[in-house]
There are 2 protein chains.
Amino acid sequence: MTVPPQPATASKSPSASKTPRTARGQRTLRLILDSAAEEFGERGYHEGSIARIAQRAGVAIGSFYTYFDSKEAVFRALVADMSRQVREHVVPHILAAPDRLAGERAGIAAYLDFVRTHKALYRIIDESAFVAEDAYRRHYIDVADGYAVSLEQAFGRGEIRGEVSAGDWQVRAWAIMGMNVFLGLRFGVWSDAEPVDAIAAAAHALISDGLKPR
Amino acid sequence: MTVPPQPATASKSPSASKTPRTARGQRTLRLILDSAAEEFGERGYHEGSIARIAQRAGVAIGSFYTYFDSKEAVFRALVADMSRQVREHVVPHILAAPDRLAGERAGIAAYLDFVRTHKALYRIIDESAFVAEDAYRRHYIDVADGYAVSLEQAFGRGEIRGEVSAGDWQVRAWAIMGMNVFLGLRFGVWSDAEPVDAIAAAAHALISDGLKPR
DNA sequence: CGCCTAGTTGAATCATGGTTCAGGTTTCAG
DNA sequence: CTGAAACCTGAACCATGATTCAACTAGGCG
C-alpha cells in the first residue's frame, strides 16, 4: 500500500492540514492506510470500525483523526489508491504485447493475477459504488476511456476489426471491462482453483473470434 | 413487485410465523415489500431506514416486524424476488429468437430495457454483495449456469462455435454475463441517452464476430 | 539547552436507528 | 353473532460506533 501523493497545490484542501510533516507522521499514516485496507477488505465498509483500524495499526483512535477527517475520507483515499494500483499493474502487460489482441490476453491474465493477490482491493473498489459513488464512477470511467482509446488506436494500426460507428468504442470498452471484472470476481476472488492462463485463453478466444460459427 | 411464494413445507422456517393468513395481511405485506424496494433503491441498504419504509407503506413500524424478522430479512426477500423478475423478463426474449446468436442480441436489449425501467432493482441486487453475499452469489451463479447450459446446447445445434475445453463454457458464461451487467450499469442505470438497439447491436457484433481482423 | 510544533492518547459524548412490547382493533371461521 | 387469532400501533429502549477534545509526549530548529 502506497501513500497517495499529496498534490503540491492543495494548501486549501481540508486534507492539507492532515498531511504529515514528519517522518514519524508518514510512517503512522501508512500504518493506518494499510490497516484500513485490511479492515475494510475483510469486514466491508459498514462492518469495519475506526477503533479496529486504529488497533490494527497500533495507534490510538485520535491518531486516526489526525490524518483523516472521517471514516468515509479514509475509504475514499483507499479507493483512489487502489484504482491507481490496478492500472499500474495491468497496463504494462498490455503494452508489452506485440499487438492489441495479444495484449488483451496478457491484460486479462495480469488482472486475474492481481485480483487473486489483492482481494481486499477488489472488494473495496466494488463497495465504493455504495459508499462513494463518485469515486466508483471515476475509476470505471477512467479505465473505460483508456480502453476505448486503446482499442481505437489498435484499429488504426489494423490490429482489430472496427467497422463500427463512433460511440461503439465506448460500448466495446465497457463490454470488455465488464467481462474482465466478472471473470475477476468468479475466478479471482471466489475461486483460485482454475489456472489463470486457461481462463485468459478462453476469454481471449471469445473476444478474438466471437461466437459465430465459421 | 410480487409477493414471493411461500414454500408449502416451510412450517419450521422462522418466516412461517410471518406469513400473512388474511387478505388484509397479504395486502400489507405487498405494501411493505414495494416500499422497501423504493427505499433501498433510492437510499441503499445502510441509508435506508425501517421507519421510512413503514412510512412509505403507510403502516406502523411494528407492522413491519409482523412480516419480517429484521432489516436484513426484508432485503433478502427483495433480492430473491428481483433475481426472479430479471430472469422472467429476459429469458423469454432469448428463447423467442430464431437462434442463439440472435437470442443473445435480443437478451441484451431486453436486459437493458428492464434495467432502465427498474433501476432500484439493479442497485439492490448489486448491493446484496455486501449485505447478503450468499444471496448475491446464488443469483449470479444461477444466471451463469443457465447461460453455460444454453450456450453448450446451442453449440450442439451448431449455432455457435465451441472448440473449447470443458470448463470453458463457464468462463464464456461469466464473461458474457459480466459484459451485460456492465453495459446495464453504464447505459441503463447511468444514462438513458443511447438507444438500446444501438448498444445491443454493438455488443452483439463484438460477441458474434470478435475483434480479430478478418 | 529551551521551546514550539507535530503527533499521540483514549475516555466521554452523542446521534442514529433497529428492535421490542404492551396494549388496541379487525377479521373471519364456526 | 361471537370470540380467538391476526393484525396494527408507535413510544421507549438500547447497542453501536463515529467523532471530539483536553492533556500529554517526541522531535528538531535556533
Side-chain angles (χ1 to χ4, degrees), chain A residues 3 6 10-11 14-33 35-36 39-40 42-78 127 130-132, chain B residues 3 6 10-11 14-36 38-40 42-78 127 130-132:
Chain A
V3 177
Q6 59 273 33
S11 51
S15 63
S17 65
K18 303 282 180 175
T19 301
R21 284 144 214 282
T22 297
R24 178 171 60 141
Q26 304 222 335
R27 219 177 307 136
T28 304
L29 172 56
R30 168 157 308 155
L31 231 33
I32 292 173
L33 232 17
S35 302
E39 174 74 2
F40 289 139
E42 288 174 19
R43 308 225 180 199
Y45 180 75
H46 293 281
E47 297 298 312
S49 90
I50 304 292
R52 213 176 279 114
I53 290 173
Q55 196 172 34
R56 281 181 195 263
V59 303
I61 293 178
S63 290
F64 173 90
Y65 287 95
T66 301
Y67 299 103
F68 297 99
D69 288 321
S70 65
K71 187 182 185 182
E72 191 181 318
V74 70
F75 189 81
R76 284 178 177 277
L78 243 30
E127 191 163 17
F130 306 98
V131 175
Chain B
V3 178
Q6 58 274 34
S11 51
S15 63
S17 65
K18 303 283 181 176
T19 301
R21 282 146 215 283
T22 296
R24 177 171 61 144
Q26 305 223 333
R27 220 178 306 136
T28 304
L29 173 55
R30 166 157 310 155
L31 231 34
I32 292 173
L33 233 15
D34 290 349
S35 302
E38 284 178 32
E39 176 73 2
F40 290 139
E42 287 174 19
R43 309 225 180 199
Y45 180 75
H46 294 280
E47 298 297 312
S49 89
I50 304 292
R52 213 176 280 114
I53 290 173
Q55 195 171 36
R56 281 181 196 262
V59 302
I61 292 178
S63 290
F64 172 91
Y65 286 94
T66 301
Y67 298 104
F68 297 98
D69 287 322
S70 64
K71 187 183 186 182
E72 190 180 318
V74 70
F75 189 80
R76 283 177 178 277
L78 244 28
E127 191 164 17
F130 307 98
V131 175

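Proteins come first, then strands; the chains are lettered A, B, ... in the order of their sequence lines, and each starts at number 1. For the numbers below, each heavy atom of this structure counts, side chains included, while hydrogens, waters and symmetry mates do not.
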Which listed nucleotide (C:dT9, C:dT27, C:dG7) is nearest to the side chain of A:Val59? C:dT9
Could you check whether B:Lys71 makes a cation-pi contact with B:Tyr45, meaning its NZ or CZ is under 6.0 Å from the centre of the six-membered ring and within 45° of the ring axis? yes
Which of C:dT9, D:dC7, C:dG18 is nearest the side chain of B:Lys71? It is C:dG18
Nearest-nucleotide pick for B:Tyr65, side chain only, options being C:dA6, C:dT9, C:dG18: C:dG18
Taking atom P of C:dG17 as reference, at what distance in whole Å does atom CD of B:Glu72 sit? 18 Å
Give one of base, sugar-phosphate or nothing for B:Thr22, where a contact means two heavy atoms less than 4.0 Å apart. sugar-phosphate
Heavy atoms only: give me the nearest A:Ala77-A:Leu33 pair and the separation to one decimal. CB-CD1, 4.5 Å
When you get a sec, tell me which of D:dC8, C:dT19, C:dG7 is the closest nucleotide to the side chain of B:Tyr67? D:dC8
Given atom CZ of A:Arg21 and atom P of D:dA26, what is their separation to the nearest angstrom? 21 Å
Can you tell me how far the OG atom of A:Ser35 sits from the CZ atom of A:Phe40, to the nearest 0.5 Å? 11.0 Å
Take the protein atom CZ of B:Phe68 and the nucleotide atom C1' of D:dC7, then report the distance between them rounded to whole Å. 15 Å
Would A:Arg52 and A:Glu42 count as a side chain to side chain contact (heavy atoms under 4.5 Å, CB included) here? Give the steps. CA-CA 12 Å; A:Arg52 213 176 279 114; A:Glu42 288 174 19; over 6 Å; no
Nearest-angstrom distance from the residue atom CZ of A:Phe64 to P of D:dG17: 15 Å
Relative to the ring of A:His46, is the ring of B:His46 parallel (under 30°), tilted (30 to 60°) or perpendicular (over 60°)? parallel
B:Asp69 CG to C:dT20 P: how many Å, rounded? 9 Å
Which of the following nucleotides, D:dA18, D:dT19, C:dG18, is nearest to the side chain of A:Ser49? D:dA18
Closest approach to the side chain of B:Ile61, judged atom by atom: which nucleotide of C:dG7, D:dG10, D:dC7 is it? D:dG10
With heavy atoms under 4.0 Å as the rule, sort B:Gly58 into base, sugar-phosphate or nothing. nothing
Among C:dG18, D:dG17, C:dC28, which nucleotide has an atom closest to any side-chain atom of B:Ala23? C:dC28
Looking only at D:dT19, C:dA6, D:dA6, the nucleotide nearest the B:Arg24 side chain is D:dA6
Under 4.0 Å between a side-chain N/O of A:Thr28 and OP1 or OP2 of C:dT8, yes or no? yes
Write down the atom of B:Gln26, the atom of B:Pro20, and the distance for their closest heavy-atom approach. N-CB, 3.6 Å
Could you tell me the separation between the NE2 atom of B:His46 and the P atom of C:dG17, rounded to a whole number of Å? 13 Å
Short side-chain N/O contact from A:Ser63 to OP1 or OP2 of C:dT9, under 4.0 Å: yes
To the nearest Å, give me how far apart OH (A:Tyr45) and P (D:dA18) are. 8 Å
Pairwise 5' ranking along DNA chain D for A:Gly62 and A:Glu47, keeping only the more 5' one: A:Glu47
Of D:dC7, C:dT19, D:dT9, the nucleotide closest to the side chain of B:Pro20 is D:dC7
What is the distance from CD1 of A:Ile50 to C1' of C:dT9, rounded to the nearest Å? 16 Å
